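Since the model is a prediction, treat every value here as computed from it, not as a measurement.
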Amino acid sequence: MLAEKMKSSPAYISQLENAKRNVTSDFFDKIADTFKIEPYQLLIERDVVNYKRVDQKK
């Protein structure tokens, strides 16, 4: 779980994801560190990837 890896609360991560809170520069750096990337890489526009959900129960 992302919140556990970042030592943050799931509620705070949810608020960021739903644009109810603004991310601080320190937390932005923490996100990049968690994913082991440079912070600017979080801002690069990427192609949309369409994933299809696969039902595992058959």
Side-chain angles (χ1 to χ4, degrees):
M1 177 181 252
L2 180 62
E4 288 175 6
K5 288 185 178 191
M6 296 187 66
K7 295 180 175 63
S8 182
S9 74
Y12 182 70
I13 299 295
S14 177
Q15 290 170 348
L16 291 174
E17 291 174 336
N18 293 297
K20 292 183 179 177
R21 294 192 75 150
N22 294 322
V23 66
T24 63
S25 59
D26 289 339
F27 200 78
F28 194 79
D29 287 339
K30 194 173 183 181
I31 295 168
D33 287 344
T34 300
F35 288 109
K36 296 178 176 40
I37 60 174
E38 293 295 319
Y40 78 88
Q41 291 178 292
L42 293 168
L43 302 173
I44 296 173
E45 187 173 336
R46 294 181 172 84
D47 293 334
V48 175
V49 177
N50 291 317
Y51 290 104
K52 293 184 180 178
R53 185 179 175 103
V54 178
D55 188 10
Q56 298 294 324
K57 297 178 184 178
K58 289 189 177 188

Excluding sequence neighbours, so at least two apart, what forms side-chain contact (heavy atoms from CB on, under 4.5 Å) with Thr24?
Asp26, Phe27
List, one per line, each side-chain donor-acceptor pair under 3.5 Å for residues 41-48, sequence neighbours excluded.
unit_1, atom_1, unit_2, atom_2, d
Gln41, OE1, Glu38, N, 2.8
Arg46, NH1, Gln41, O, 3.0
Arg46, NH1, Ile44, O, 3.3
Arg46, NH2, Gln41, O, 3.0

Result block: side-chain N/O donor-acceptor pairs under 3.5 angstrom for residues 2-17, not counting sequence neighbours:
unit_1, atom_1, unit_2, atom_2, d
Ser9, OG, Tyr12, N, 3.0
Ser14, OG, Asn18, ND2, 3.3

